Amino acid sequence: MSVDLVGRALMRGWRRIAFIGASKHAGKTTAVNFVIRQAQAAGRDPATLEERHTGAGGLTVGLCSIGLDGERLDTVLGVPKPDIVVPAGALVASAEEALAQSDAPLEWLEVLPIGSPLGDVAIVRVLEPGRVMLAGVRQRVHVRLVLDRLTAHGAQLCLVDGAFDRAAAAIPGLVDAAVLAVSPVLGRTPALVAEAVAPMVARFALPALAGEAAEAEAREAWEAAARAALTGVRDRGEIGAWCLNGETRGYPARAAMHRLISALPGWPAGARVVYVPGAVTDRLLEGLRGHPAPLYLVADHPAHLFATTRAVAAWYAAGHALRVWTPLPLLAIAANPHHILGWDLPRAALIEALQAVAGDVPVIDACAEEA
Amino acid sequence: MRTIPFLDDITASSIGWPAVWAAWAPVTPYGLRAKAAHRPFLPGEEEAWQAALTELAADLTAVADDPLRRAREGLRALPDVAADLDILLRGRPLAARAALALKTFLRVGGDLARDPDLQRLRWTHAAAWHRLLEPFGDAGASFSVDSVADDTYRLLRRRLAEASVCLARERQREAERWRKEAGVRPDASGLLRIPVPAGRAVAERLKAEPGVRWRQDTPFESVFECLPGPDVVRWTAEVASCRAALAEAEERCMARLAEGLRAEGPVWRRLVDDVASLDLRLARVALARRWGGCAPEAAGADGDLDTGPAGGRASGHLPSIELRQGVHPGLGERLAARGGRVTPIDVEVAAGVNVIAGMNMGGKTAAVQLVALCQALAQHALPVPAAGFRTRLFACVRWGPEPERPDIDGLSAFGREVARLTRIWHDMRAMAPHPALVLLDEPGRTTNPREGEAMAVAWAEALREAGPARVTAVMASHFSRVAALPGVAHHRVRGVRLDRLPPPAGGPQGCDPPADQPRGGDSEAGLRALAEAIDYRIERVEGGGVPEEGIAVAAWLGLPDEVLRRARAALARERMTPEGPADAPAGERMGPVPKGEEGRG
C-alpha cells in the first residue's frame, strides 16, 4: 500500500515541498509525478476517472521548478527527461516557450516579472490533463514570488522541482519540507546507496540550536542563551562565536574567505558555539577541529551542509557537535531503482536498505507504487 | 537645429535637478518612456505651456489623495504591452501570453477609465477600452482560447476530454488485467516488474505472452513492457488526433482574435498614449502633494511681468519671476531629517539684473538655487515646491560659477570660474533674441578680492547692458560695489538678529569667557541658536549695500579678542578711505534699510 505523502504533509501543515536529488538523475521528476497523482486522489477514495480527469475534488497542485532546465533531453547523457504529467486544474509556473510545448490546453492567469531565456515566467491553469515542462525560474527570490502567486491563485499544495543545483530550493522559509530523491547513481548495491544517503538524511535530522521549546528544556540551558545572543549576528549575515561566559563576537562572512575561521583576529579560544551563515565544508570543519571540545557548529539550514561523511565523522570524533539554526524536515525519501544507463537495483532491497537509514522518514518507490 | 540645452549639466547638478527629476515618478513603463521624452517648453511655445499649466492646476484640484493612491496602484498593475502590440500590428501571430497581457491592459485600463474620480480628468474615452475588450470574449482576469473559441474548437475540446477519459479507463482496465494475470500492476512507466525467484514461473509465462515485450532479467526481477491493447491503441490515436486538430483550431482562433485586435491599431496606440499621459499627470500631482507645492503660473502675454527696466513699481523694476513661500525640496528634506525646518522664502526677481546680498550662512545660494529649480520645473510644466510661482519662458537656465570640486582637469578654481562664466555668456548670446535666466553665485570669489569685485561688477554691468529682454540674472554677492550698482534690482537676506542670540556661555556678549569654558559657537546648541537667530527671508531693498554682520557673529562665536579688536580696527580704517563702503552699520543690523522699515530703531 502506498505511503500517503500528501496526507502526511497536510497533517503537519507542510504546503510547500521541495524535491531535491541526492545526485544527478535521482528521479526528482518521477517523485513529483508521484505526489501529483496522490494529490489528485486526496480527499476521495477512490477518485473516479472523470474526477481525476477534470481535477474535481482533489487538491489543487501548484508546480514550478528551480534551476537551469527546460530541455527535453538530459544535458549530460542526451536521454529523454521524464515529463511532468498534470491533471486538469493544476497550476503551473513556467517560462512562455516551455509552456508552448505543453500538450494540454492552458488558461493563462498571470505573467510574472521574471524573465528567462525561454521568455517570461507565467502562471497557467491546466484545462485538460497533459504534459508540461517546468523552466524559467532560476533564483530563490523568484521561487518565493512564484509560490506566493501560485498560492494566491488557489494552489493548496506547491511542489518545487529542483534542477541543476539539486538542493537550491531546500531552504526553510522558502519551503516547508523536502523530498529527497535517490537513485542507483549513488552506488551499485542497495547497501552502497543507503550508505551514501545516510549522511544526507542525518543532515536533515540535525537538531536545531535550542530549537523546539520542549527540547530546549531538556538540553543545556546555554543553548538557548547562545541562540539569543547569536540572533543579531545571524540577522547581519555574519559569522558568530559565542562563549559560555556570554561573550559574543561577529565577523563579516567575507573575512573567512581566505583564512580559517579560528585565525580571525580576536577569535575567542573559549568559543562554545559557532554560527556560520554560508556553506559548511570539509575545510571549515578541519580548520576548527583542533578547537577545545566541545564546539557546536551551527549551519543556517540543512542544505548548507556540504561536508563529506569523513569530515563530519572526524568532527564528532573530536568531541564536537553539529546543529542547524532552522531545520527542514524530510517529507519522504523517493527511491528510484532505475539507473539512467538502463539497469535496475532490486526494488524491495533498495527500499529496505534506505528505510534502515531513514528513521521515521517514509521511503517510497515513486516508480512502481500506485499513488 | 538647437544644440544648446535648456539646462546644462553644471546647472542641473548645481540646483539639485537630478533628485527633483527623479522625484517625478511615473509608475508605468508608458509613463517612464513618456517622461524620458519630455522636454521643457521654450519661448514661442507659450500657448501650449499655458495649457499644460492650466491642466496641472486643474489636476491638483480634481484629484484627492485617496483616488490618487488608488489610481497609481491601478496603473502599477498595467502590463507593458508595447512589444506585444508592435508584434501584433506588424501582422505576426499572437501568442497566448501576449493575449493575456493585452487583455489585462484593457481590463485594468478600463477600470481606471470608468473610475469616476479619474473621469474628471477627461484622460481617455471609457467606451474605447470596453470595445477593444470585446474580442476577448469575457472580461475575466485570465485568458484561454476557450473564451475566443469557435464551435469547432469547443467540439474538439469535448472530444479530447472524452477520449482522455476513455484512454485512462482502458489503461486502468489493462493494468487491472495484468495485476490479475501477473500479480503486479505496471508501474508509472508502463513496466511490469516481476520479482524473482518468487515470480519466475509467471515471468517465463509472460515471455511467451503477446501482450508484453520482455525487456530484461536481473537477479531480482524480470522486466516487461506492457504493450497497449487495441482499445488503448484506438483511444491513444483518438487523443493524439484530437490534440493535433485542437492545435490547428487553436491557431485559427488566435489568428481571428489577432485580426480583430489589429483592425483597431490606431485605437490601441491612442490608449497607450492615454495611459502614459495619465501616469505623468498623476505623478505630477503626487509630486505636488509630497512638496505641498502648487502649479506654476504663466505670466500673461500682455506683459504683466515686465520685460523692461522702465516704469512700474517704486523700484523701477517689475518682476520677471515671483516666488512665494518656496522651499528647496532637497534642503527641506535634509533639514527635516535632522529635526530642523526651512524658512519658506519669497523672492521677486526683476527682469534684468538682480543682486542678492547677505551674510554667510544666510541662504543666498539656497535662494538662487530655488529660483532656478522652480523655473526649470515650471518650464517642464511640473509643480513647484512653493505656495506660488509666476514666471515666463526662458530659452535656457545657466548656473555659474561651477561649485567647488577637486582639481581634476588641471584648471584652478579661478580658471574654471572664468571658463564657466564665458560659456554662460556665449550660451546667452546664442539664444538671442530669446531670454536666458542666469544665476551667478558669488562671481569673483576665486581670485583676489579687488580683482574679483571688479570682475563681478563687470559681469553685472554686462548683463545689465544686454537688457532685460535678453537676460534675467540673479547674482549673489558679498561685494559692496556690486551691491551698490545702479540700474539693478537689489535684494537682501534679512540676516542674523544679534539681539536674538543668547549670551555666549562663559560671560556677557563681547567679553571673553574663561579659556576653559565653551564659546557661543563651540557647541551644537550654540550653532543651533545662531541658525535660529538668522532670518532667511529675502527682501527687496532700495539702494545697495553689503550687510556687515560677520565680525559681530564671529565675536559671538568666540573669536579671540586679540583678533576681534584688530578686525574691528581694520574695518573702521577701511570706512575712512574714499574706496570704503558708503553704507554704515545701522545698529546691530547692517547694510541697506529694507523697504518699509525706514526710521525703525
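In what follows, chains carry the letters A, B, and so on, assigned in the order in which the sequence lines appear, proteins first and then strands, with residues in each chain numbered from 1. Keep in mind the model is a prediction, meaning the values are calculated, not measured.
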Might you point out which heavy atoms bring A:Glu110 and B:Leu100 nearest each other, and give the distance in Å? N-CD2, 3.5 Å
Are A:Arg347 and B:Glu221 close enough for a salt bridge, meaning some N to O gap below 4.0 Å? no
Tell me whether the count of non-hydrogen atoms from other residues, nucleotides or ligands lying under 6.0 Å of NE2 in B:His130 goes above 12. no
Residue A:Leu345 versus chain B: region with a heavy atom under 4.5 Å: backbone
Whatever's closer than 4.5 Å to a heavy atom in chain A on B:Ala141 counts as backbone
Contact class of A:Leu106 relative to chain B, heavy atoms under 4.5 angstrom: backbone
Could you give the distance from CD (A:Glu107) to OG (B:Ser147), rounded to the nearest 0.5 Å? 8.5 Å
With rounding to the nearest 0.5 angstrom, report the CZ to CD distance, B:Arg97 to A:Glu97. 10.5 Å
Applying the side chain to side chain contact (heavy atoms under 4.5 Å, CB included) test to B:Ser144, which of A:Val124, A:Leu127, A:Leu109 qualifies? A:Leu127
If you count every heavy atom of other residues, nucleotides or ligands that lies below 6.0 Å from B:Arg69 atom CZ, does the total exceed 12? yes
Given side chains that start at C-beta, do those of B:Asp146 and A:Pro105 come closer than 4.5 Å, heavy atoms only? no
Most chain A-contacting option - heavy-atom pairs closer than 4.5 Å, from B:Glu250, B:Gln216, B:Arg215: B:Gln216
Whether over 12 other heavy atoms sit under 6.0 Å from B:Glu251 CD: no
If we ignore hydrogens and angles and just use 3.5 Å, is the side chain of B:Arg243 paired with the main-chain N or O of A:Asp103 as donor and acceptor? yes
Within 6.0 angstrom of B:Arg92 CZ, more than 12 heavy atoms from elsewhere: no
Neighbour count above 12 (heavy atom, 6.0 Å) for A:Glu195 CD: no
Step-by-step side-chain contact (heavy atoms from CB on, under 4.5 Å) determination, B:Leu191 to A:His338: CA-CA 12 Å; B:Leu191 298 178; A:His338 187 68; over 6 Å; no
So with a 6.0 Å cut-off around CD of A:Glu352, is the heavy-atom count from everything else above 12? no
Take a 6.0 Å sphere around CZ of B:Arg171 and say whether it holds more than 12 heavy atoms from other residues, nucleotides or ligands. no
So do the side chains of B:Phe220 and A:Pro190 get within less than 4.5 Å of each other, counting heavy atoms only? no
CG of B:Asp151: more than 12 outside heavy atoms within 6.0 angstrom? no
For a quick test of reading the model, state the closest non-hydrogen atom pair linking A:Glu96 to B:Ala95 and the distance between them. OE2-CB, 3.6 Å
